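Since the structure comes first, as structure tokens, the remarks are kept for the end.
In what follows, chains are A, B, ... by sequence order, proteins preceding strands, each numbered from 1. Keep in mind that what you see is a predicted model, and the values were worked out from it rather than measured.
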Amino acid sequence: MDLEKLLADRLAPAFAAVAGGPVDPVVRRSQHADFQSDAALGLARRLGRPPRTIAAEVRDRAELADVCATVEVSGPGFLNLTVADRMLGDLVGALATDPRLGVPAVAGPETVVIDYSAPNVAKEMHVGHLRSTVIGDAAARTLAWLGHRVLRANHLGDWGTPFGMLIEHLVDLGEAEAAQELSMGDLDAFYTAARAKFDDDAAFRERSRLRVVALQGGDPVTVRLWRLLVAQSESYFLTVYDLLDVTLSAADFRGESSYHDQLAPTVEELDRLGLLRRSDGADCVFPPGSVGRDGEPLPLIVRKSDGGYGYPATDLAALRHRAGTLGATRLLYVVGLPQRRHFEMVFATAARAGWLAPPARAEHVGFGSILGSDGRMLCSRAGGAVKLVGLLTEAVERATALARERNPELGEAEAAEVGRAVGIGAIKYADLSGDRRKDYVLEWERMLALDGNTAPYLQYAYSRIRSIFRRAGVAARPGAGVALGEPSERALAFELVAFGAVVEEVAGSLEFHHLAAYLHRLAAAFSAFYERCPVLRAEGPVRESRLVLCEVTARVLRQGLYLLGIRTPDRM
RNA sequence: GCGCCCGUAGCUCAGCGGAUAGAGCAGGGGACUUCUAAUCCCAAGGCCGCAGGUUCGAAUCCUGCCGGGCGCACCA
């Protein structure tokens, strides 16, 4: 039970009695006390009485004796609430014996499909994929930990016209040579070479066109070559995921091709439902509300005038599969914000077709673009893409060098391990600590920063705690009483007790910067505590109590960072 | 033209109806014989893009304007 809710529950009846109806007590953290309630201000006009009088009356009626040390009317009519040390200590004590750290598993688990990462076969992963992968993985970890059934859907770009030219290029190179190139992760070179031939060589272009037809027609030789291409890319992506420390596995690849045979039936059903309209030779759905440049309704083109299918058809088929066959009630799409309109139209169409009916719902978990230093979008297809592995490798190298420098006691193997955890953590945290909807400028310095509000700061706090236990060879006694004397102990305790509410909120909003900010507050509170409150040199109950504070802090940091996909080394 | 998003400290960003607008970085000053100084403490830094409006109260909600970005029919 978090304190805010506890206080609100105690205040609500008092407010209801004074106001003669239900009132939200509006409890929040305060600079002037531990918490404050602002509800009396809003009630003043309605009741025609001074807010301070209302606040005083609520104070007198509320049953807060066991929770609060003091309850004071302040300013124009705030209620300042100071929590009793005893209550706060008991709450922390309860966390110490709770394997879930005050975050209960959800009562009604849902099936959640999370569409994220989605690189393209035979194309390099660039920084644009980083956001989707990192945010999506945090969502997967968080929702899974809460007890939901999470299905990770890596919607691989493994189908479409570019495969004609890619397969022809593979044929030109020879399978062995091509496999070699692709397994080295040099996907850009492969793609660029194919593209160049396609642009310059008419004969190659024609071969490519025929190859697409062969692929879609299921020609066995072509399909085998295509599979080769896909398999090589998949194994390359898995090495990147491994380096990035992401929970995506080989089993999560669900390429666009896997919906290939559902495309026609999907469109046919739209037709049967009377949602289809032919426009300029293309089969379209016109979801209400979307208007184009000319003021006319904007179509979702489910079948092109040449008979081919594009993204809308694939997305609809995938959605139908996820909601229908898989039984998902929450469908997440971790895709850049520029595609917002596309998803609006897809979701609207799916709803009209009855494929997406409550309680099932789809959410576009959009994120901002990555910009270059000139403030313009970076992640276009037209080059300028920064190779993801290059970024990751540099982060790990920097962090490893720093680990060696700062802690010579680390052996070579441990320094490498710390370097990985810290370097990768820094990159993920840089991405998750800001509002995901905002664009951000790609600054290597920022992403690779190892001090300030960064993952290493949180990891360092964790490793210091581990160091205390390691050095003393002791463990916290879970049942030990938590006695809070020092202000920095109280401050730390307040943060610990807030973990559950933060995770719960983030599971809904998927705004991971709230979790990041919380963990930073927690680590900062711990660091301040660490400076002022000796643990091992304390004695008796104070020592016992501080050991519990340390233990719970470590566990919350570890779990919180785990949800963000960030490791916590025992030593740094 | 229409729609969506964004303008907060020198920089990167939180805050999105409540009391004196918060962090980090950079820059200034302190703290290691004491559980890891990848740390902590102190000081400094702001017409919250501009102008109206709603409200007891606005960085936060509404309207307009200015500046920037993205999207707007067969590309994924």
Side-chain angles (χ1 to χ4, degrees), chain A residues 26 28 30-32 36 38-39 41-42 44-45 51 74-78 80 120 157 159-162 256 279-284 286 289-306 308-312 314 336-342 344 366 368-369 371 375-377 381 399 402-403 405-407 409 418 422 430 433-435 437-441 443 445-446 449-454 456-457 459-461 463-472 513-514 516-517 520-521 523-524 526-538 546 550 571-572:
Chain A
V26 198
R28 55 187 188 87
S30 174
Q31 307 171 39
H32 306 276
Q36 66 184 54
D38 301 344
L41 278 319
R45 173 175 290 265
S74 169
F78 299 105
N80 285 355
N120 293 313
W159 200 249
T161 47
E256 294 167 356
S279 176
D280 289 349
D283 289 323
C284 305
F286 289 86
S290 294
V291 175
R293 198 189 302 280
D294 48 11
E296 296 298 307
L298 199 61
L300 185 68
I301 299 175
V302 293
R303 183 161 44 204
K304 299 186 285 183
S305 53
D306 67 1
Y309 301 97
Y311 249 21
T314 311
L337 236 20
Q339 300 207 39
R340 184 187 162 116
R341 177 111 100 199
H342 166 73
E344 268 174 17
S369 305
L371 309 177
R376 302 195 72 85
M377 267 180 78
R381 273 171 294 168
L402 188 74
E405 178 198 318
R406 293 295 166 91
N407 193 348
E409 288 175 23
V418 169
V422 169
S433 56
D435 186 332
R437 274 173 289 254
K438 292 200 174 176
D439 292 350
Y440 78 57
V441 177
E443 284 176 305
E445 286 306 318
R446 186 176 101 85
L450 300 172
D451 47 49
N453 179 12
T454 62
Y457 177 82
Q459 291 167 318
Y460 181 63
S463 74
R464 280 171 130 184
I465 301 173
R466 301 301 308 165
S467 175
I468 290 174
F469 289 113
R470 189 169 51 239
R471 181 171 276 267
H513 69 292
H514 291 155
H520 180 254
R521 278 199 306 277
F526 174 77
S527 295
F529 160 82
Y530 183 89
E531 295 285 329
R532 292 178 190 78
C533 300
V535 177
L536 297 178
R537 277 179 292 112
R546 289 180 179 170
C550 286
R571 296 209 289 179
M572 281 175 70

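- Nucleotide C25(B) is shown with an anti base, its glycosidic torsion being more than 90° from 0.
- Here, G45(B) and C16(B) have their P atoms 26 Å apart, quoted to the whole Å.
- The partner of C72(B) is G1(B), judged by Watson-Crick or G-U wobble contacts that both fall below 3.5 Å.
- You'll find that the side chain of R341(A) is closest to G3(B), out of A37(B), C40(B), G3(B).
- Of the N and O atoms on the side chains of Y311(A) and E256(A), at least one donor lies less than 3.5 Å from an acceptor on the other residue.
- Heavy atoms of R537(A) sit under 4.0 angstrom from at least one base atom.
- In this structure, CG of L337(A) is placed 10 Å from C1' of G71(B), rounded to the nearest angstrom.
- Rounded to the nearest Å, the gap between the C1' atom of U63(B) and that of U54(B) is 11 Å.
- Here the shortest heavy-atom pairing between P456(A) and M572(A) reads O-CE, 3.9 Å.
- Across C74(B), A38(B), U39(B), the shortest atom-to-atom separation from the side chain of L402(A) is found for A38(B).
- Within the shown strands, C13(B) is the pairing partner of G22(B) under the Watson-Crick or G-U definition, both distances less than 3.5 Å.
- Of all heavy-atom pairs spanning C550(A) and I465(A), the tightest one is O-CG2, 3.4 Å.
- Evaluation of atom-type donor-acceptor distances gives no pair under 3.5 Å for the side chain of T161(A) against the base of A76(B).
- Note on S463(A): a base of the nucleic acid sits closer than 4.0 angstrom, heavy atoms only.
- At the heavy-atom level, R532(A) lies under 4.0 Å from the strands shown only through sugar-phosphate atoms.
- Projected onto RNA chain B by closest heavy-atom contact, Y309(A) and G75(A) fall at different nucleotides, the more 5' of which corresponds to G75(A).
- For R340(A) and C72(B), the shortest distance from a side-chain N or O to OP1 or OP2 is not below 4.0 Å.
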*Sugar-phosphate or base contact per nucleotide [nucleotides 7-15 of chain B; S, B, -; heavy atom under 4.0 Å]*: S----SSSS

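- Of the possible donor and acceptor atoms, one in the side chain of S527(A) sits under 3.5 Å from a partner among the backbone N and O of A523(A).
- Across all strands, P338(A) comes closer than 4.0 Å only to sugar-phosphate atoms, never to a base (heavy-atom distances).
- Distance, H342(A) NE2 to C74(B) P: 14 Å, rounded to whole Å.
- Counting any heavy atom pair closer than 4.0 Å across all strands shown, F469(A) reaches no nucleic acid atom.
- At least one donor-acceptor pair closer than 3.5 Å links the side chain of T314(A) to the backbone N or O of G310(A).
- For the P atom pair drawn from A21(B) and A43(B), the interatomic distance equals 15 Å after rounding to whole Å.
- At a cut-off of 3.5 angstrom, counting only N and O atoms as typed in the model, there is a donor on one side and an acceptor on the other between the side-chain of N80(A) and the base of A19(B).
- Remark: R464(A) is positioned above the aromatic ring of Y530(A), its terminal NZ or CZ atom under 6.0 angstrom from the ring centre and at most 45 degrees off the axis.
- Aromatic rings from Y457(A) and H520(A) are positioned such that their centres are separated by under 6.0 Å.
- Comparing the same atom, P, in A14(B) and in C6(B) gives a spacing of 11 Å after rounding to whole Å.
- Under a cut-off of 6.0 angstrom, the local environment of CD in E405(A) is crowded, with over 12 non-hydrogen atoms contributed by other residues, nucleotides or ligands.
- Between R406(A) and the phosphate of A38(B), there is a side-chain N or O to OP1/OP2 separation shorter than 4.0 Å.
- Of the candidate nucleotides G1(B), U39(B), A23(B), U39(B) has the atom nearest to the side chain of Y460(A).
- Scanning both residues, D451(A) and T454(A), for their nearest heavy atoms gives O-CG2, 3.1 Å.
- Under a 3.5 Å cut-off, the side chain of D439(A) and the backbone N or O of S369(A) do form a donor-acceptor pair.
- Nucleic acid contact for G368(A): none, since no nucleic acid atom lies under 4.0 Å from a heavy atom of the residue.
- Judged by distance alone, the side chain of N80(A) and the main-chain N or O of S74(A) form no donor-acceptor pair under 3.5 Å.
- A donor-acceptor contact under 3.5 Å is not formed by the side chain of E531(A) with the base of A31(B).
- Residue-level contact check: L298(A) touches the backbone only, with heavy atoms under 4.0 Å from sugar-phosphate atoms and none from bases.
- Residue R464(A) has its side chain nearest to A37(B) when only A38(B), C70(B), A37(B) are considered.
- In this structure, F78(A) and Q31(A) both approach RNA chain B, and ranking their closest nucleotides by distance from the 5' end singles out F78(A).
- C48(B) makes up no base pair with any nucleotide shown, lacking Watson-Crick or G-U wobble contacts both under 3.5 Å.
- Atom P of nucleotide A38(B) and atom OH of Y530(A) are separated by 10 Å, given to the nearest angstrom.
- With hydrogens and angles ignored, no donor-acceptor pair under 3.5 angstrom links the side chain of S467(A) to the base of U36(B).
- In this structure, U39(B) forms a base pair with A31(B), meeting either the Watson-Crick or the G-U wobble geometry with both donor-acceptor distances under 3.5 Å.
- Among the protein residues, E256(A) comes within range of the sugar-phosphate backbone only, with heavy atoms under 4.0 Å from sugar or phosphate atoms but none that close to a base.
- Within the 4.0 Å cut-off from OP1 or OP2 of U36(B), at least one side-chain nitrogen or oxygen of R471(A) is found.
- On the C1' atoms, C13(B) is 27 Å away from G30(B), given to the nearest whole Å.
- At the heavy-atom level, A449(A) lies nowhere under 4.0 Å from the strands shown.
- Nucleic acid contact for A282(A): base, since at least one base atom lies under 4.0 Å from a heavy atom of the residue.
- Nucleotides G15(B) and G7(B) place their P atoms 10 Å apart, quoted to the nearest Å.
- For the C1' atoms, the distance from G17(B) to A26(B) is 34 Å, rounded to whole Å.
- As judged by a 4.0 angstrom heavy-atom cut-off over every strand, T454(A) is placed among residues making no nucleic acid contact.
- For the P atom pair drawn from C42(B) and C4(B), the interatomic distance equals 45 Å after rounding to whole Å.
- Atom CG of N407(A) is separated from atom P of A37(B) by 11 Å (rounded to the nearest Å).
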